[in-house]
Structures are given as C-alpha cells and as structure tokens.
Amino acid sequence: MSTRLLMCPPTYFGVNYAINPWMNGNIGYTAPEAQRQWDRLLETLRVAGDVEIHCVEPAPNLPDLVFTANAAILSKQQAIVSTFRFPERQPESPIFADWFAHHGYSVSDLGQISFEGAGDALFDRRKPVLYLGYGWRTDAAAVAQVASQLDTQVVGLELHDPRFYHLDVALCPLSTGHVMAYMDAFTPAAQDTLRRTIGDREYLLEVEQEDALQFACNAVEIDRSIILHSASQRLRERLHSIGYRVFSTELSEFLHTGGSAKCLTLKLDDGPYAAS
Ligand code: ARG
C-alpha cells in the first residue's frame with residue numbers, strides 16, 4: 001500500500017518572523033534554494049518507496065505552512081487540528097481544518113490549549129502509545145485531552161532545550177520498534193519516562209548532538225528507507241544494521257527556520273499501532 005503524505009510547496013517560504021532559536025537573525029531571508037530542495041525531497045521520497053503525495057495550496061504570508069507535520073495529529077479518519085502557540089501560525093489552522101474536512105476526516109481541536117499536531121505527537125510503531133512533547137509549543141494539558149479525544153494511551157514528554165522545540169526534531173519512532181532520540185532535548189524526568197516506555201535498551205537508538213543539530217531525528221520513514229537532511233557515518237551504519245536504507249537530501253533552507261524532512265510531511269494514514 002502506498003504511503004500517503006500531505007505536503008505544501010514552498011512558494012511563499014522564507015523567514016518572515018522568529019518563533020524559535022533557529023530563526024533568530026534570519027528574518028528577511030528569502031531562501032532562494034527552497035523550491036529546488038523541496039522538489040528534490042519529493043523525488044527522493046518517490047525513489048525511496050511507494051508514496052502518494054497530496055498538497056495543500058500554499059498561501060501568501062504563511063511561510064511555515066510548508067511544515068504540514070504541524071497541521072494536526074491524525075488517527076484513522078480523525079484529525080485533531082493544531083491550535084498554534086504563536087499568532088504568526090494561527091491562520092494556518094482553518095486552512096488545514098478545511099483540507100481534512102474535505103478529505104473525509106472528522107475534525108476537532110483542543111480549544112484554548114496549545115497543540116502543534118504531529119510536530120509534537122508521534123505514534124510508537126510497535127506499541128499502542130502516542131508520544132506527546134510539551135513545554136515549548138504544546139501545553140502539558142494537551143496530554144489528557146489528546147488521550148481522551150483519540151482514546152489512546154499518551155505518554156507526555158517534557159522538552160527542555162529551546163533548539164528542540166518540537167518533539168519531531170528530537171524523537172523518531174521507527175517501524176522496527178526502534179526509537180531514535182536525542183536524549184538531551186528532554187528533561188531528566190522525560191528521559192526516564194522514555195526509557196521506561198521503550199523498555200528494551202536495544203530499541204533506544206540514541207542520537208548524538210552533532211546529528212541532532214542536523215535534524216537527523218526529523219526523518220521520514222518509507223518502506224524501510226529513512227529520508228533525512230544529513231546523518232553521520234556512525235548513525236548511517238547504525239540504521240543500516242537494523243535494516244534501513246538511508247537517503248540524505250539537502251534541506252538547509254528549511255533548517256534556517258527550524259525544520260527539515262519530517263516537518264515537511266504529514267502521514268495521512270496514521271494511528272496507534274494495532275497488532276495484526
Ligand atoms: N518555523 C516553524 C516553527 O517554528 C518550523 C516548524 C517545524 N515543524 C516541525 N514539525 N518541527 O513553527
């Protein structure tokens with residue numbers, strides 16, 4: 001079955017404001033290579049596996065609409081659409097809500113609670129658990145709300161390094177059951193929770209700072225391929241050893257705003273792992 005992904009072309013992409021440390025000092029940057037890098041990402045996804053790409057129409061003045069990971073968390077045909085922390089991104093919510101409603105999803109949101117979708121919410125691929133990062137963008141209160149709306153077990157993980165302000169830049173659950181993680185992005189309590197949830201130490205694939213800063217955890221998995229911006233030899237070998245092919249494709253323009261491969265995509269068929 002194809003992996004269906006939601007994306008948004010970077011027609012209006014650039015750094016118009018700063019809402020994370022990666023954007024500081026880059027305001028006014030027009031990212032001239034963004035379209036080329038995005039096109040190349042698309043090609044790489046197609047080479048890596050069987051994908052079906054759907055696109056949201058880009059909108060002027062919404063440069064971060066390209067980061068469709070932040071649209072919503074999807075579970076089967078249910079979409080909890082993001083309630084963005086910063087006003088700069090709030091106009092994206094109705095655009096995504098419309099898209100999901102028109103494509104057969106039932107749409108809800110968390111009202112007054114900040115929640116940034118699949119940027120902060122990632123399903124384990126081998127356990128019926130949803131990891132939810134909070135602290136910078138998503139509120140701690142989202143943990144209980146998402147659990148009740150999706151009727152699933154949610155593991156809250158507090159993030160504490162501002163450079164890793166979304167969960168998907170610090171954590172990547174893989175379908176082998178391994179979980180890539182940059183542990184220093186999490187508070188000590190969250191690190192304990194993560195270790196306890198993963199259980200078998202073999203399955204925790206700790207990513208070093210050098211890779212984490214290149215957003216190696218912000219990886220897309222398709223059919224036993226991992227697509228990311230860059231990975232050290234050591235990380236590549238580790239991923240090869242558990243059965244993955246690794247594709248790196250330059251996404252430097254998107255790193256200027258604190259995003260990379262995974263943030264530029266949203267899996268349209270998602271949900272808690274169910275043993276079959
Ligand atoms: N500039 C965007 C922001 O700060 C980047 C979002 C990246 N998305 C993600 N899922 N990590 O919101």
Side-chain angles (χ1 to χ4, degrees), residues 5-10 12-31 34 37-38 41 56 58-59 61-74 79-93 95-96 114-123 130-139 142 146 157 159 161-173 180-182 185-186 207 211-221 227-229 251-268 270:
L5 298 175
L6 183 66
M7 296 180 72
C8 173
Y12 302 105
F13 181 71
V15 190
N16 299 8
Y17 46 78
I19 57 172
N20 70 53
W22 302 85
M23 303 173 96
N24 291 340
N26 288 333
I27 296 181
Y29 184 64
T30 56
Q37 292 183 0
W38 189 87
L41 170 65
V56 169
N61 301 318
L62 294 178
D64 282 340
L65 198 66
V66 294
F67 298 116
T68 49
N70 295 124
I73 178 72
L74 304 179
I80 306 182
V81 171
S82 292
T83 35
F84 287 94
R85 175 163 308 268
F86 292 107
E88 288 87 341
R89 294 199 66 182
Q90 287 165 1
E92 296 179 33
S93 298
I95 297 176
F96 287 127
S114 295
F115 169 64
E116 298 206 353
D120 270 332
L122 301 168
F123 286 105
L130 178 72
Y131 300 104
L132 201 135
Y134 65 88
W136 298 108
R137 298 301 185 80
T138 292
D139 293 333
V146 171
L157 299 170
L159 293 162
D161 180 330
R163 294 170 301 177
F164 300 92
Y165 58 94
H166 275 141
L167 184 66
D168 69 357
V169 293
L171 193 88
C172 183
M180 289 167 68
Y182 175 56
F186 299 94
V207 168
D211 278 315
L213 289 171
Q214 294 293 311
F215 281 9
C217 294
N218 199 249
V220 185
E221 176 185 353
I227 301 95
L228 40 63
H229 164 68
L251 291 165
S252 50
E253 295 292 44
F254 300 96
L255 263 69
H256 283 111
T257 68
S260 188
K262 149 71 172 62
C263 313
L264 292 166
T265 65
L266 179 73
K267 275 199 162 77
L268 287 170
D270 212 347

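First listed ligand is number 1; within each ligand, the first listed atom is number 1. Note that these values count all heavy atoms, side chains included, but never hydrogens, waters or copies made by symmetry. Just so it is clear, the model here is predicted, and its values are computed rather than measured.
Remark: side-chain polar atoms of Thr68 are paired, donor with acceptor, to backbone N or O of Leu6 under 3.5 angstrom.
Between Phe13 and Phe254, the ring planes lie tilted relative to each other; the angle falls in the 30° to 60° range.
The shortest non-hydrogen separation linking Phe67 to Ser260 is CE2-N, 4.3 Å.
Judged as a salt bridge (Lys or Arg N to Asp or Glu O under 4.0 Å), and not counting sequence neighbours, Asp64 has no contacts. In terms of the side chain to side chain contact (heavy atoms under 4.5 Å, CB included) criterion, residue partners of Trp22 (sequence neighbours excluded) are, by chain and number, Asn20, Arg163, Tyr165, Leu213, Phe215. Evaluation of the side chain to side chain contact (heavy atoms under 4.5 Å, CB included) rule for Phe86 yields Ile19, Glu88, Arg137 as partners, not counting sequence neighbours.
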Tabulation required: pairs of a nitrogen or oxygen in ligand 1 and a protein nitrogen or oxygen under 3.5 Å; columns are atom names and distance to 0.1 Å; otherwise 'none'.
{"residue": "ligand 1", "atom": "1 (N)", "partner": "Asp64", "partner atom": "OD1", "Å": "3.3"}
{"residue": "ligand 1", "atom": "1 (N)", "partner": "Asp64", "partner atom": "OD2", "Å": "2.9"}
{"residue": "ligand 1", "atom": "1 (N)", "partner": "Thr257", "partner atom": "O", "Å": "2.9"}
{"residue": "ligand 1", "atom": "4 (O)", "partner": "Asn20", "partner atom": "ND2", "Å": "2.8"}
{"residue": "ligand 1", "atom": "4 (O)", "partner": "Arg137", "partner atom": "NH2", "Å": "2.7"}
{"residue": "ligand 1", "atom": "8 (N)", "partner": "Asn70", "partner atom": "OD1", "Å": "2.9"}
{"residue": "ligand 1", "atom": "10 (N)", "partner": "Asn70", "partner atom": "OD1", "Å": "3.4"}
{"residue": "ligand 1", "atom": "10 (N)", "partner": "Asn70", "partner atom": "ND2", "Å": "3.4"}
{"residue": "ligand 1", "atom": "10 (N)", "partner": "Asp168", "partner atom": "OD1", "Å": "3.3"}
{"residue": "ligand 1", "atom": "10 (N)", "partner": "Asp168", "partner atom": "OD2", "Å": "2.8"}
{"residue": "ligand 1", "atom": "11 (N)", "partner": "His166", "partner atom": "ND1", "Å": "2.9"}
{"residue": "ligand 1", "atom": "11 (N)", "partner": "Asp168", "partner atom": "OD1", "Å": "2.8"}
{"residue": "ligand 1", "atom": "12 (O)", "partner": "Arg89", "partner atom": "NH1", "Å": "2.7"}
{"residue": "ligand 1", "atom": "12 (O)", "partner": "Arg137", "partner atom": "NH1", "Å": "2.9"}

